[in-house]
Amino acid sequence: MRIVTWNINSLKARREHVEAFLDDVAPTVLCMQELKMDDPVIDRSIFESRGYHLITHGQRTYNGVAIASRIPMKDTIIGLPEVEEDQRRFTAATIDGVRIVNLYCPQGQNELSDKFQYKLRFYDALIDWIAREHDPAQPFILTGDLNIAPRAVDIFDPEQFRNVPSFHPFEHERWARLLEWGLVDAAVEWFEDGEYTFWDYRGGSFERNLGMRIDHFLVTPPVLARVQGAHIHRDQRGKERASDHAPVELILGE
DNA sequence: ATGACCGCCGGGGGCGGA
């Protein structure tokens with residue numbers, strides 16, 4: 001099973017790139033974030049014509065998440081109100097016996113912003129829900145645009161981002177709690193330092209590799225034992241009209 | 001090199017993103 005997470009930054013703007021990715025890479029599961037469309041205007045045929053099942057939790061202008069899967073999805077959750085607070089950021093499904101949670105976590109703007117408080121509440125509610133409803137001994141994947149660079153090597157200038165959202169100690173405290181519960185950063189060991197998943201549109205960040213690793217796969221030990229590799233589809237970020245995020249792929253064996 | 005880019009809505013700039 002090959003699982004990809006990709007913040008596509010508007011399905012409308014990225015339609016052709018998504019279609020080409022499905023045709024060329026053909027992942028088993030594609031978790032998407034920032035669709036920026038309401039459910040009724042999402043063209044499901046993009047996915048269904050290629051043999052994918054689809055669950056969507058769309059939202060106009062901002063946010064919006066979806067999962068496309070070649071394998072039928074069970075026990076789907078479309079939004080978790082106590083976590084999202086009316087912003088559409090959460091989908092979950094069980095695929096081939098693996099519980100997959102696809103998230104678009106808040107960014108936080110700056111540490112004095114109400115949006116940063118919302119980000120911290122989002123993580124607190126998420127951690128409570130995971131601990132209450134799940135068991136680290138079972139196969140579980142938390143993926144998506146988590147908007148946290150966990151280590152100094154996961155961000156191009158950790159000094160500049162000291163106490164800035166994406167690399168803030170309060171976020172690292174939440175990250176540590178996820179790991180304490182039993183999750184493991186499954187992709188990182190397959191990457192070199194300085195391999196990122198996001199580059200800002202401004203200032204030629206991609207050409208200069210001024211990026212961050214903020215799109216992740218956090219998995220429980222039964223999933224970790226199946227990991228055969230991970231790959232950042234960096235070529236996607238170099239295309240014309242690219243998303244500012246690259247797709248990240250996790251490869252699982254039987 | 002985050003005032004410097006991109007997508008959104010709406011039909012002009014302002015907001016959000018990270």
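Not measured: the values here are computed from a predicted model.
- In this structure, R208(A) atom CZ and dC5(B) atom P are separated by 13 Å, rounded to whole Å.
- A heavy-atom distance below 4.0 Å to DNA chain B is reached by these residues of residues 161-178 of chain A, ordered by number: S166(A).
- Within the 4.0 angstrom heavy-atom criterion, no nucleotide atom of any strand lies near D157(A).
- dA18(B) and dG13(B) are spaced 22 Å apart, taking the C1' atom of each and rounding to whole Å.
- Put simply, CG on L11(A) is 14 Å from C1' on dC8(B), counting in whole angstrom units.
- I214(A) CD1 to E171(A) CD: the interatomic distance, rounded to the nearest 0.5 Å, is 10.0 Å.
- There is a side-chain donor-acceptor pair under 3.5 Å between T56(A) and D39(A).
- Distances were taken from every side-chain heavy atom of A13(A) (C-beta onward) to each of dG16(B), dA1(B), dC8(B); the shortest belongs to dC8(B).
- One finds no side-chain N or O of R14(A) lying less than 4.0 angstrom from the OP1 or OP2 phosphate oxygen of dC6(B).
- Each of Y62(A) and L210(A) has a nearest nucleotide on DNA chain B; the 5'-most of these lies closest to L210(A).
- Toward the 5′ end of DNA chain B lies the nearest nucleotide of R241(A), the other residue of the pair R241(A) and K115(A) mapping further downstream.
- Using a 4.5 Å heavy-atom threshold, the side chains of S166(A) and Q107(A) count as touching.
- The residue D145(A) sits close only to the backbone: its heavy atoms come under 4.0 Å of sugar-phosphate atoms, none of a base.
- Residue N147(A) is classed as a sugar-phosphate contact, given heavy-atom separations below 4.0 Å to backbone atoms only.
- The gap from the C1' atom of dA4(B) to that of dG17(B) amounts to 16 Å, rounded to the nearest Å.
- Rounded to a whole Å, the CD1 atom of I155(A) is 13 Å from the C1' atom of dT2(B).
- Within the 4.0 Å cut-off from OP1 or OP2 of dG7(B), not a single side-chain nitrogen or oxygen of N9(A) is found.
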Go through T220(A) and L183(A) one step at a time and tell me if the side chain to side chain contact (heavy atoms under 4.5 Å, CB included) criterion holds. CA-CA 5 Å; T220(A) 54; L183(A) 292 169; 3.9 Å; yes
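- Using a 4.5 Å heavy-atom cutoff, the side chains of T5(A) and H245(A) are not in contact.
- If you measure from atom CG of N7(A) to atom P of dA18(B), you get 6 Å, rounded to the nearest angstrom.
- Atom CD of Q33(A) and atom C1' of dG16(B) are 17 Å apart (whole Å).
- In the set dT2(B), dC5(B), dA18(B), dC5(B) carries the atom at the smallest distance from any side-chain atom of Y201(A).
- Of the candidates dA18(B), dG7(B), dG17(B), the closest approach to any side-chain atom of I214(A) belongs to dA18(B).
- Looking at heavy-atom distances under 4.0 Å, Y104(A) makes contact with sugar-phosphate atoms alone, never a base.
- Between Q160(A) and dT2(B) there is a side-chain polar atom (N or O) within less than 4.0 angstrom of OP1 or OP2.
- Members clustered with V4(A): W6(A), I8(A), L11(A), V18(A), F21(A), L22(A), V25(A), L30(A), M32(A), L35(A), M37(A), V41(A), I42(A), I46(A), F47(A), Y52(A), L54(A), by chain and number, using a 4.5 Å side-chain heavy-atom cutoff among hydrophobic residues.
- On the P atoms, dG10(B) is 23 Å away from dC6(B), given to the nearest whole Å.
- At a cut-off of 3.5 angstrom, the base of dA1(B) holds no donor-acceptor pair with the side chain of R202(A).
- In this structure, Y118(A) does not reach the dG16(B) phosphate: none of its side-chain N or O atoms is under 4.0 Å from OP1 or OP2.
- At the phosphate of dC8(B), OP1 or OP2 sits under 4.0 Å from a side-chain N or O atom of S10(A).
- Taking 4.0 Å as the cut-off between side-chain N and carboxylate O, R151(A) and D185(A) do not count as a salt-bridged pair.
- For the C1' atom pair drawn from dC15(B) and dG3(B), the interatomic distance equals 15 Å after rounding to whole Å.
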Using the 3.5 Å cut-off, write out each protein N or O paired with an N or O of nucleotides 9-11 of chain B and the distance between them.
unit_1: dG10(B); atom_1: OP2; unit_2: R60(A); atom_2: NH2; d: 3.3

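- Nucleotides dC8(B) and dT2(B) place their P atoms 24 Å apart, quoted to the nearest Å.
- Ring centers of W190(A) and F217(A): at least 6.0 Å apart, outside the cut-off.
- Between R234(A) and E192(A), none of the side-chain N atoms (NZ, or NE/NH1/NH2) sits under 4.0 Å from a carboxylate O, so this pair counts as no salt bridge.
- dC6(B) atom C1' lies 12 Å from atom NE2 of H245(A), rounded to whole Å.
- When rounded to the nearest whole Å, the span between NZ of K239(A) and P of dC6(B) equals 17 Å.
- In this structure, F161(A) places its CZ atom where more than 12 heavy-atom neighbours from other residues, nucleotides or ligands lie under 6.0 Å away.
- Taking every heavy atom of both residues into account, F191(A) and V248(A) meet most closely at CZ-CG1, 4.1 Å.
- What separates CH2 of W199(A) from P of dC6(B) is a distance of 16 Å, to the nearest Å.
- Across every non-hydrogen atom of L146(A) and C105(A), the tightest pair is O-CB, 3.5 Å.
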